[in-house]
Amino acid sequence: MTVSDVRTDLGAEEVVERTPWPAAILGLIARYPLGAAGALVVVAMIFAAVFADVIAPYDPEANAYEYMFTAPGGQYWLGADDFGRDIFSRIIYGARTALFVGFVAAFVGATGGLVLGVASAYFGGWFDLIIQRVMDVIMAFPLIILALAVISVLGPGIDKVIIAITIPFIPQCARVVRSSALAIREIPYIDAARACGFSHARIILRHMVPNVMAPFLIMITAFVGQAILLEATLSYLGLGVQEPVPAWGLMLKSGAEEYAESAPWIPIFPGIAISLAVFGFNLFGDALRDALDPKLRAQ
Amino acid sequence: MRFLKSTLVVSFALGLAAAWAGGAVAGETPVRGGILKFVVGSKIPSYDAHMESTFGMIHPIRPFYSLLIRVNPENPSSPTDFVCDLCEGDVPAATDNGLKYTFKIRKDVWFHDGTPLTAADIKATFDKIVFPPEGVPSTRKAFFSSLDSITVPDKYTLVFNMKYASGAFLPAVAAPYNFVYSKKDLDEKGYAWHQKNINGTGAFTFVEHKPGAYVEGKRYEKYHHEGKPYLDGFRAISAPKMAVRLQAIRGNRAAIEFRGFPPKARDDLVAALGDKIVVQESDWNCALQFLPNHRRKPFDDVRVRRALTLAVDRWGGSKYLSQIAIVKTVGGVAFPGHPLAATKEELEKIAGYWPDLDKSRAEARRLLKEAGAEGLEFVLLNRGVDQPYRVVGTWLIDQWKKVGMKVTQNVLPSPAFYDAVRKKHDFDVTVYFNCQSIVNPLADVSAYISDDIAGNNYAGYQDRTMDKLFDQMNRSNDPAEQRRIMRLYEKRALDEEALQFVTLWWYKINPYRSYVKGWKIAPSHYLNQHLDNIWLDPHLM
Amino acid sequence: MYAYIIKRLILMIPTLFGAAVLVFVLMRLVPGDVCEIKMAGDGAFVDPEAIEICRQNLGLNDPVYVQFGQVIWGYLTFDLGTSMWTGRDITHEIGLRFQLSLQVAFMATLVAILIAIPLGTISAIKQDTWIDYVVRTFSIAGIAMPSFWLGIMIILGLLITTQAWFGDPWMPPIVYVSPFEDLAGNLSQLIWPAVATGYRYSAVATRMTRSTLLEVLREDYVRTARAKGLLERVIINRHALKNAMLPVVTIFGIEFAFLIGGLVVTEQVFNLNGLGKLFVESVETSDFTMVQQLVMLVVVIFVFMNFLVDLLYAWLDPRIRYA
């Protein structure tokens with residue numbers, strides 16, 4: 001709804017206004033080289049996920065027993081796993097799983113946090129106090145423990161994984177958004193808007209939400225990386241997506257450790273894929289933070 | 001690729017040679033001394049084996065206790081070779097038309113607290129197991145349904161009086177769970193005392209248990225088997241992850257793991273450590289099954305169920321899966337190698353075991369079409385344990401894909417898995433397993449009778465013909481007749497009615513440090529775990 | 001100040017109570033129970049009656065509100081109850097593992113400090129140079145690598161390199177010894193997980209050090225110091241770093257709290273008998289009572305750490321006053 005509209009508006013006017021876009025991109029790369037590197041990884045990953053069918057040379061789920069444990073080479077670029085499945089194809093398709101979980105969890109979690117954070121700041125009083133206590137309870141649970149508990153209750157599966165990852169994101173984002181929103185609430189124009197008799201919804205959506213967009217966007221990019229990592233960890237603990245679905249964390253489970261010595265390509269490549277993806281999102285997120293954080297920009 | 005194959009062949013050859021060498025030196029004179037360190041992949045609940053069932057407690061606790069009779073430590077692969085542990089001489093045969101077993105009890109046995117053992121202790125033990133007072137759980141009580149009473153005519157004589165003759169009684173007595181407790185402890189300290197305390201007559205005395213870390217025992221000098229144990233002590237180290245257990249043996253943090261490793265792990269260990277590793281292998285008394293849920297459409301249709309089994313290439317699976325999972329042998333309902341088990345020729349006549357795979361899969365497709373279930377989609381329920389469940393589950397899905405079925409996997413942690421299979425019956429098809437300690441096919445195949453009679457049939461069907469065959473088989477005293485009925489029983493279960501299926505039998509592979517001597521592999525990881533005959537060769541350490 | 005402390009302490013009560021309810025409810029929603037796992041977990045035949053007796057004995061058949069009442073009554077009387085899996089006192093079971101987890105948390109924090117503060121400082125001073133980029137890349141890589149994967153790689157590396165160099169493969173001990181008994185043995189086991197987790201946790205702190213230092217360096221008093229002609233090193237060490245430490249301390253405080261219970265995956269990889277492994281095992285066996293108390297322990301530590309960090313803030317920074 002309006003949230004996404006606002007987001008694109010903001011991006012358009014803050015970053016690329018006036019300069020023609022190729023020059024603007026070059027300028028950004030020069031200014032944020034690490035961020036550009038991150039963006040490159042992110043774009044590559046999205047590309048792999050979207051065109052997996054075209055890029056992957058093999059069916060990622062097809063067992064080929066005569067090729068079990070084939071070392072990396074001409075036939076299987078990154079080798080074959082214990083079922084003779086092509087690791088490269090599984091990594092390419094795995095990008096789909098990772099990005100899907102990453103984006104959905106990050107967006108839902110951050111949006112949930114945004115709504116609660118802004119509402120909490122705007123209404124204040126008892127509402128704020130209760131919401132904050134609930135957030136306290138969730139925040140006090142270590143992320144992985146909460147996810148473990150949720151999966152144990154709901155059972156495994158990609159949708160449940162997303163729920164498990166989303167829940168701890170909500171208070172994290174709500175905290176940050178609330179403190180930004182609190183600062184805005186004190187600015188006289190909110191009072192002015194109230195005095196004009198605008199509805200709560202209108203004030204929140206038109207005046208407060210756009211002003212907390214920067215922390216919101218920063219949280220989202222940070223969450224994508226975290227979510228990918230969490231998904232991998234849950235899969236590693238056997239609570240994430242299940243075989244034969246290609247997913248990076250799952251590729252590190254089971255045989256990967258036992259065969260680490262004689263077939264090191266089985267654990268090494270998926271591990272690199274996870275690290276690289278999270279690395280990319282973090283670098284990108286950092287650059288975004290630098291670009292959006294007014295304090296740093298003022299220098 | 002070619003390189004990989006040749007290394008595999010070499011390491012296989014090495015492994016076999018090593019195992020053979022291990023067998024050849026069994027006649028050496030044992031050396032006393034040393035601490036055996038071994039890793040255990042499961043957790044210890046209480047110490048009371050009468051109520052527990054996991055190998056996680058058998059491996060570390062069994063060495064503290066003795067049994068009345070046990071599987072022959074020198075011949076543990078035989079399903080019928082029992083020897084006396086606390087009794088004297090040979091294991092007695094039944095008298096009075098199979099209605100009476102009289103045991104002479106050894107007079108040289110003392111509990112670790114100094115109390116001498118008498119027949120009364122053994123009676124108290126089996127009374128607790130078979131006739132527990134209310135509120136005392138006894139997990140395997142039902143195995144003794146043929147037992148009427150236990151009497152002690154004199155201090156060192158024990159008599160089991162039977163309700164009816166049963167070939168299943170002695171194997172039940174020899175089960176590794178029947179730790180003999182002292183009557184004094186049971187009388188004075190109650191039936192729960194053994195859950196947290198240990199006082200046995202076993203080869204080792206209890207030293208320390210650090211929960212989650214290890215259990216330590218040291219040699220019991222007054223142990224009743226002359227000259228044993230050879231070890232000064234043992235340390236059972238908890239290591240839930242397979243990779244850690246493997247690394248522990250590689251890095252010599254432990255000498256052995258008694259459950260079993262996957263084949264590739266064996267090859268890697270042998271490749272890395274050469275003759276410092278010895279391997280023993282055996283068929284394992286665990287059938288890896290898959291059960292269709294008869295309560296659910298379309299699995300109430302025998303054609304669909306037959307298609308499920310016809311799609312599975314067991315002979316090929318044996319070849320490939322035996323490289324990555326702890327399964328290997330193609331078999332029917334009875335433990336392979338047992339006289340009651342089907343021969344290869346007999347198996348090949350059963351659906352799903354046909355030698356012609358193309359014919360089998362064509363028939364599967366035909367049946368699916370006929371039943372209106374082409375491109376059948378369902379969810380395979382599985383247990384969240386890698387070996388062998390998840391590996392075999394992934395393989396099964398690929399097998400079914402070959403006849404056009406679309407199968408996804410739902411892997412649940414053990415508690416949720418049991419809940420779904422046993423209580424809620426919430427599954428389409430599930431991976432399951434039938435794992436027993438003492439090999440006793442007559443009792444082990446009870447999982448195939450109607451679910452209102454069998455306690456462990458979760459496929460959800462009633463088939464009175466199966467029940468009748470099972471009864472006839474158990475009442476017969478003639479092995480040839482038992483075998484004939486077993487074939488009918490098997491054919492009906494796996495083929496004609498397609499009630500539930502065996503994928504492959506487990507295969508136990510124990511690679512261990514070559515300085516460990518005297519241990520012999522059994523067809524179950526519950527058996528032969530008293531450790532009194534193990535010794536360490538100082539020249540190889 | 002006292003009013004603030006009391007207010008904060010009172011606010012902890014609903015948080016802790018909420019956490020207690022949340023774990024309790026979550027655990028009762030998880031399908032399956034401990035008796036089934038204990039007695040039928042290995043697939044052998046079990047008498048259904050035995051399972052029922054076990055449930056009865058553990059109170060699993062009691063109404064849920066009775067069970068919850070017992071938990072709360074336990075808190076009020078400082079009795080954490082017994083584990084459903086082993087039947088032993090939970091305080092005893094947790095105590096055994098606490099030492100290990102605490103030590104790893106300390107060591108990991110130490111590793112994190114040793115990495116974060118120098119690197120963060122260098123990165124801030126050399127802002128936007130290649131040194132800054134290398135440092136940031138290194139530290140972000142720490143967050144990006146799954147800690148379990150790093151653990152697997154460390155063990156793999158150790159086994160392979162030691163075999164190549166010394167002929168015999170070496171791996172860290174798999175049984176914990178107290179540092180007071182055998183310091184070398186203790187460290188040779190725990191240094192690896194400490195490095196694996198410490199590196200990871202240093203990433204956030206490095207970034208925090210860098211950004212706060214950047215802010216502080218722009219403050220007036222630093223400019224004044226520069227104008228006075230003080231050496232750059234003195235400015236950084238005496239003035240800037242000291243004042244930049246506040247948020248960094250916060251990060252360490254909060255992360256330390258997380259480390260205690262957050263070693264779940266690392267403990268798996270290195271076979272450490274700590275609270276994380278106990279937690280995973282208790283979930284696997286549906287040991288409701290144990291899970292309840294473990295989670296509450298972590299929550300209590302977290303809540304108190306937060307509280308302490310806030311107090312420290314007030315104490316370190318005279319500008320912050322809580323009325």
Side-chain angles (χ1 to χ4, degrees), chain B residues 39 42-46 51-55 134-143 195-196 210-214 235 237-241 243-244 247-248 250-254 272-273 286 412-420 422-424 432-437 443 446-447 455-456 526, chain C residues 30-57 83-88 92-93 96-97 100 152 155-156 158-160 162-163 168-176 268-271 273-274 277-278 280-281 283-286:
Chain B
V39 265
S42 188
K43 303 160 289 273
I44 302 177
S46 81
M51 65 182 265
E52 306 297 349
S53 65
T54 169
F55 73 93
E134 207 183 312
V136 175
S138 172
T139 307
R140 284 155 295 268
K141 195 170 75 173
F143 286 2
Q195 292 174 14
K196 288 188 219 168
K210 275 242 177 358
Y214 60 83
R235 186 180 248 212
I237 302 165
S238 159
K241 276 182 77 72
V244 172
Q247 289 154 359
R250 180 132 162 33
N252 207 12
R253 295 284 172 195
L273 295 170
C286 288
L412 294 179
S414 302
F417 173 76
Y418 289 130
D419 198 59
R422 293 179 180 164
K423 262 200 233 156
K424 300 209 183 90
Y432 207 71
F433 52 111
N434 188 6
C435 245
Q436 309 292 341
S437 56
S446 70
N456 54 343
Y526 301 101
Chain C
V30 176
D33 70 67
V34 63
C35 293
E36 194 99 27
I37 299 296
K38 249 186 187 196
M39 301 179 148
D42 283 10
F45 172 85
V46 192
D47 212 321
E49 196 193 326
I51 297 185
E52 201 45 45
I53 293 173
C54 168
R55 284 194 190 118
Q56 196 66 39
N57 290 351
S83 155
M84 289 184 171
W85 176 255
T86 64
R88 289 160 189 277
H92 171 72
E93 295 268 359
L96 274 171
R97 277 105 170 164
L100 183 144
I152 297 170
I155 293 183
L156 183 64
L158 281 175
L159 283 171
I160 291 176
T162 50
Q163 182 157 33
D168 263 329
W170 182 88
M171 76 171 291
I174 50 173
V175 174
Y176 175 73
Q268 297 273 308
V269 175
F270 290 96
N271 199 46
N273 188 33
K277 182 172 163 233
L278 182 61
V280 172
E281 290 180 359
V283 170
E284 274 171 5
T285 51
S286 287

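Computed from a prediction, not measured in an experiment: that's the story for all the values here. Lettering follows sequence order; numbering is per chain, from 1.
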K.L.:
Does a side-chain heavy-atom distance below 4.5 Å link Pro240(B) with Glu281(C)?
P.N.:
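The answer is yes; the side chains approach within 4.5 Å.
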K.L.:
Supply the atom-to-atom distance Tyr418(B) OH to Met39(C) CE, rounded to the nearest 0.5 angstrom.
P.N.:
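Between Tyr418(B) OH and Met39(C) CE, I get 13.5 Å after rounding to 0.5 Å.
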K.L.:
Could you look at Pro48(C) and say if it's the side chain, the backbone, both or neither that has a heavy atom under 4.5 Å from chain B?
P.N.:
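Answer is neither: Pro48(C) stays 4.5 Å or more from chain B.
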K.L.:
Less than 4.5 Å to any heavy atom of chain C: does that hold for the side chain of Pro413(B), its backbone, both, or neither?
P.N.:
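Neither; nothing under 4.5 Å.
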K.L.:
Identify which part of Ala443(B) has an atom lying under 4.5 Å from any heavy atom of chain C, answering side chain, backbone, both or neither.
P.N.:
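Interface part for Ala443(B): neither.
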K.L.:
Which one wins on heavy-atom pair count under 4.5 Å against chain B: Ser286(C), Cys54(C), Pro173(C)?
P.N.:
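With the most close heavy-atom pairs to chain B, the winner is Pro173(C).
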K.L.:
Looking only at heavy atoms and a cut-off of under 4.5 Å, which of Ala420(B), Ala416(B), Ala447(B), Ser437(B) has the most pairs with chain C?
P.N.:
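Looking at each of Ala420(B), Ala416(B), Ala447(B), Ser437(B) in turn, Ala416(B) comes out on top.
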K.L.:
With a 4.5 angstrom heavy-atom cut-off, could you sort out which part of Ser238(B) is near chain C: side chain, backbone, both or neither?
P.N.:
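Contact with chain C: backbone and side chain both.
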K.L.:
Please classify the contact of Val39(B) with chain C as side chain, backbone, both or neither, using a heavy-atom distance under 4.5 Å.
P.N.:
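For Val39(B), the side chain is the part near chain C, not the backbone.
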K.L.:
Heavy-atom cut-off 4.5 Å, strictly under: side chain, backbone, both or neither for Ser138(B) against chain C?
P.N.:
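For Ser138(B), the contact with chain C is made by the backbone alone.
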K.L.:
With distance as the sole test, does Ser414(B) use its side chain to make a donor-acceptor pair with the main-chain N or O of Glu284(C) at under 3.5 Å?
P.N.:
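The answer is no, because no donor-acceptor pair under 3.5 Å joins these two groups.
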K.L.:
Which atoms form the tightest heavy-atom contact between Pro137(B) and Ala50(C), and what is the distance?
P.N.:
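So the two residues come closest at CB-O, 3.7 Å.
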K.L.:
Does Trp85(C) use its side chain to pair, donor to acceptor, with the backbone of Lys43(B) at less than 3.5 Å?
P.N.:
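No, the answer is negative, given that no donor and acceptor are paired below the 3.5 Å cut-off.
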K.L.:
My understanding is that only residues two or more places apart in sequence, or in another chain, count here; which of them pass side-chain contact (heavy atoms from CB on, under 4.5 Å) with Val244(B)?
P.N.:
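Partners of Val244(B) by the side-chain contact (heavy atoms from CB on, under 4.5 Å) criterion, ordered by chain and then number, come out as Ala239(B), Lys241(B), Gln247(B), Ile174(C), Asn271(C).
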K.L.:
For chain B, which candidate among Gln268(C), Gln163(C), Met171(C) shows the most heavy-atom pairs at distances under 4.5 Å?
P.N.:
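Top option by heavy-atom pairs under 4.5 Å: Met171(C).
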K.L.:
Which atoms of Glu52(C) are under 4.5 Å from chain B, going by heavy atoms: the side chain, the backbone, both sets, or neither?
P.N.:
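The answer is neither part of Glu52(C).
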K.L.:
Identify which part of Val280(C) has an atom lying under 4.5 Å from any heavy atom of chain B, answering side chain, backbone, both or neither.
P.N.:
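No part of it gets close to chain B.
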K.L.:
Main chain of Gly212(B), side chain of Lys277(C): is a donor-acceptor contact present, judged purely on distance under 3.5 Å?
P.N.:
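Yes, Lys277(C) side chain to Gly212(B) backbone: donor-acceptor pair under 3.5 Å.
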K.L.:
Under a 4.5 Å heavy-atom cut-off, does chain B meet the side chain of Val269(C), its backbone, both or neither?
P.N.:
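The answer is the backbone of Val269(C).
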K.L.:
Mind listing the closest non-hydrogen atom pair of Lys196(B) and Arg88(C) along with its distance?
P.N.:
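For Lys196(B) and Arg88(C), the tightest heavy-atom pair comes out as O-NH2, 4.4 Å.
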K.L.:
Is Gln56(C) in contact with chain B via its backbone, its side chain, both, or neither, using a 4.5 Å heavy-atom distance?
P.N.:
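Interface part for Gln56(C): neither.
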K.L.:
With a 4.0 Å cut-off on N to O distance, would you call Lys423(B) and Asp33(C) a salt bridge?
P.N.:
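Salt bridge present between Lys423(B) and Asp33(C).
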K.L.:
Heavy-atom distance under 4.5 Å to chain C: side chain of Leu412(B), backbone, both or neither?
P.N.:
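For Leu412(B), neither part sits under 4.5 Å from chain C.
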K.L.:
Heavy-atom cut-off 4.5 Å, strictly under: side chain, backbone, both or neither for Leu278(C) against chain B?
P.N.:
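Interface part for Leu278(C): neither.
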K.L.:
Tell me, side chain or backbone of Phe143(B) under 4.5 Å from chain C's heavy atoms, or both, or neither?
P.N.:
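For Phe143(B), side-chain heavy atoms alone lie under 4.5 Å from chain C.
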K.L.:
Roughly how far, to the nearest 0.5 Å, is the CD1 atom of Ile37(C) from the OG1 atom of Thr54(B)?
P.N.:
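The CD1 atom of Ile37(C) is 10.5 Å from OG1 of Thr54(B), to the nearest 0.5 Å.
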K.L.:
Mark yes or no for whether Arg250(B), through its side chain, and Pro169(C), through its backbone, hold a donor-acceptor pair below 3.5 Å.
P.N.:
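No: the side chain of Arg250(B) does not pair with the backbone of Pro169(C).
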K.L.:
Donor-acceptor pair, Lys38(C) side chain versus Glu52(B) backbone, under 3.5 Å?
P.N.:
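A pair under 3.5 Å: no.
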K.L.:
Go through the atoms of Ala142(B) and report whether side chain, backbone, both or neither lie under 4.5 Å from a heavy atom of chain C.
P.N.:
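When you check distances to chain C, atoms from both the backbone and side chain of Ala142(B) fall under 4.5 Å.
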K.L.:
Shorter than 4.5 Å, heavy atoms on both sides: which option in Val136(B), Asn252(B), Asp419(B), Leu273(B) has the most such pairs with chain C?
P.N.:
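Highest number of pairs under 4.5 Å: Asp419(B).
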K.L.:
Taking only residues two or more places apart in sequence, or in another chain, which ones meet Pro172(C) in a side-chain contact (heavy atoms from CB on, under 4.5 Å)?
P.N.:
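By the side-chain contact (heavy atoms from CB on, under 4.5 Å) rule, Pro172(C) matches Leu158(C), Trp170(C), Trp192(C).
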K.L.:
Out of Ser42(B), Pro45(B), Gly251(B), which one racks up the most heavy-atom pairs below 4.5 Å with chain C?
P.N.:
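Max contact count across the listed options: Pro45(B).
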K.L.:
Once you round to the nearest 0.5 Å, how far does CG of Asn273(C) lie from CD1 of Ile237(B)?
P.N.:
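Spacing of CG (Asn273(C)) from CD1 (Ile237(B)) equals 11.5 Å.
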